[in-house]
Amino acid sequence: MDKLKEECGVIGVYINDEKLASRLVYYGLYALQHRGQESAGITINHNGTLDSIKGMGLVSEVFDEDKLDSLKGNIAIGHVRYSTAGVKELANCQPVVAQYKHGAIALAHNGNLTNGEGIRDMLEEEGAIFHTTLDSESILQLMARQYRKGIESALKNTMSIIKGGYALVITTQNQLIGVRDPNGIRPLCIGQRADGSYIIASESCALDVIDATFLRDVMPGEVVIIDEHGLKSIPPTHWGQKKLCIFEMIYLARPDSVIDEVSVFEFRRKSGELLASEFKGSADIVIPVPDSGIPGAIGFSSASGIPYMEGLVKNRYVGRTFIQPTQELREIAVKLKLTPLRQTLKDKRVVIIDDSIVRGTTSKRIVEEVKKAGAREVHLCITSPPVKYCCYYGIDTPDRGSLIGANKTVDEICEYLGADSLTYFSLEGLRAVCDNQSRFCRACFNGNYPIEIPFSF
């Protein structure tokens with residue numbers, strides 16, 4: 001689908017039951033599957049010995065009962081991937097594991113380093129050998145080189161070198177570690193089960209599925225270390241303004257997650273409410289583009305008084321990994337995923353609620369299909385401003401030349417899509433949803449990047 005691509009999802013578990021750790025991570029990865037469908041992996045820690053199972057495909061395709069039974073240990077970390085750095089191949093599946101002087105270490109990484117290329121060049125000049133094309137491996141190399149004074153010193157020194165948006169779960173000989181970048185661009189939270197075990201995960205929805213109680217979010221720049229003595233927090237050593245990625249709230253995160261004390265569902269519903277006041281037309285029904293458009297459509301309907309209806313049926317058996325090798329097949333793929341309900345749409349003035357427009361190709365096809373189904377008018381309302389700039393912190397975005405919002409006016413986009421009107425949510429409205437706080441990165445809309453972007457990008 002024509003959307004900004006997910007980054008990755010990470011999870012780590014520390015538990016006394018050696019048979020349960022891998023199972024909890026497995027189910028947690030299921031809950032985080034929306035964050036990456038390219039590959040999946042689990043690394044288990046048994047008394048400092050690390051074993052991994054990784055593979056291309058969905059969680060259900062990579063793991064089975066026998067594989068999970070073979071992973072025994074009290075610490076486990078897991079990863080689902082959509083590549084933003086590194087090519088698509090088995091060698092780049094995470095977690096990344098390394099052997100070094102003090103033992104073994106494994107890392108699962110969500111995000112992207114803006115200075116990753118420079119760090120890799122520096123390490124290779126010093127003789128480092130890399131087994132992947134991931135910037136995640138550079139983080140491991142830095143940690144191993146800084147380990148002489150212990151893990152805390154290694155983490156602090158490494159964080160002072162790497163730049164970008166990242167959330168890490170790491171296991172060393174006997175520890176589970178969580179790390180969040182100093183600006184909190186990528187999310188990370190902590191939970192605890194009734195048996196006392198700890199979980200670190202990208203989103204709180206992963207905690208819910210394994211019966212863990214949400215404790216709190218990892219603070220920007222914080223390191224949390226979990227071992228037999230419990231949880232230890234190492235607060236940030238450098239101040240950084242919180243800049244959580246706004247697209248986590250708009251599209252990427254699951255609606256049942258809570259990130260940095262904000263309900264994703266409520267954020268999207270409120271966006272729809274405020275967008276209704278910016279819509280200048282009239283209509284008979286409001287329909288969402290499922291699934292991410294549903295909360296916004298509920299809010300839009302509530303505020304406008306226009307009835308909410310289901311007008312597009314989603315085929316939930318076609319995953320996001322569906323291959324579309326030609327333009328003709330890509331157009332067929334849209335029909336496979338979304339089918340209009342003719343009985344609902346016929347002779348109606350329809351408002352379609354969607355979360356974003358990236359290239360515009362899918363939105364164009366949806367408008368065409370809704371009109372073919374008999375809609376008299378089609379008004380497209382988007383619960384975010386135009387995407388005009390690329391992301392460099394862990395979301396795969398097309399270059400600016402492919403971003404329709406960067407190259408056409410709203411009227412030109414509306415004409416291209418074939419809609420009767422197009423309403424984007426304003427930056428002012430988005431700020432109101434954010435309670436006028438500057439705690440979110442909106443660089444994809446306004447080009448104000450919280451971390452300097454190297455010229456090489």
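As the structure is a computational prediction, the values presented were derived from the model and not from experiment. The figures that follow rest on heavy atoms only: side chains count, while hydrogens, waters and symmetry mates do not.
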Check your understanding: Does a donor on one side chain sit under 3.5 Å from an acceptor on the other, for Ser384 and Asp355?
Key -> no
Review point. So which of Arg365, Lys371, Lys372 actually passes side-chain hydrogen bond (donor to acceptor under 3.5 Å, both in side chains) with Glu368?
Key: Arg365
Check your understanding: Thinking salt bridges, do Arg81 and Glu38 make one under a 4.0 Å N-O criterion?
Key -> yes
Review point. Is it true that Lys270 and Glu273 make a salt bridge, defined as a side-chain N closer than 4.0 Å to a carboxylate O?
Key: no
Sequence neighbours excluded, which residues qualify as ring pair (Phe, Tyr, Trp, His ring centres under 6.0 Å) partners of [X]?
{"X": "Tyr30", "value": "Tyr26"}
{"X": "Tyr147", "value": "Tyr100, His102"}
{"X": "Phe445", "value": "Phe247"}

Check your understanding: Shortest non-hydrogen contact from Lys243 to Pro450?
Key ->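 Shortest heavy-atom contact: CG-CB, 3.8 Å.
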Distance-only donor-acceptor hits, side chain of residues 163-171, under 3.5 Å, sequence neighbours excluded:
unit_1: Thr171; atom_1: OG1; unit_2: Asn45; atom_2: ND2; d: 2.8
unit_1: Thr171; atom_1: OG1; unit_2: Gln175; atom_2: O; d: 3.1

Exercise for review: For Lys388, enumerate each residue passing the side-chain hydrogen bond (donor to acceptor under 3.5 Å, both in side chains) test, keeping only those at least two apart in sequence or located in another chain.
Suggested key: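 Here no residue qualifies.
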Please check this pair: side chain of [X] against backbone of [Y], looking for a donor-acceptor N/O pair closer than 3.5 Å.
{"X": "Ser70", "Y": "Lys67", "value": "yes"}
{"X": "Gln37", "Y": "His34", "value": "yes"}
{"X": "Lys54", "Y": "Pro95", "value": "yes"}
{"X": "Gln33", "Y": "Gly36", "value": "yes"}
{"X": "Asp135", "Y": "Gly116", "value": "no"}
{"X": "Asn115", "Y": "Ile161", "value": "yes"}
{"X": "Arg216", "Y": "Cys189", "value": "no"}

Check your understanding: Is the CG atom of Asp17 crowded by more than 12 outside heavy atoms at less than 6.0 Å?
Key -> yes
Revision key, fill the gap. By salt bridge (Lys or Arg N to Asp or Glu O under 4.0 Å), Arg254 pairs with (sequence neighbours left out) Asp256
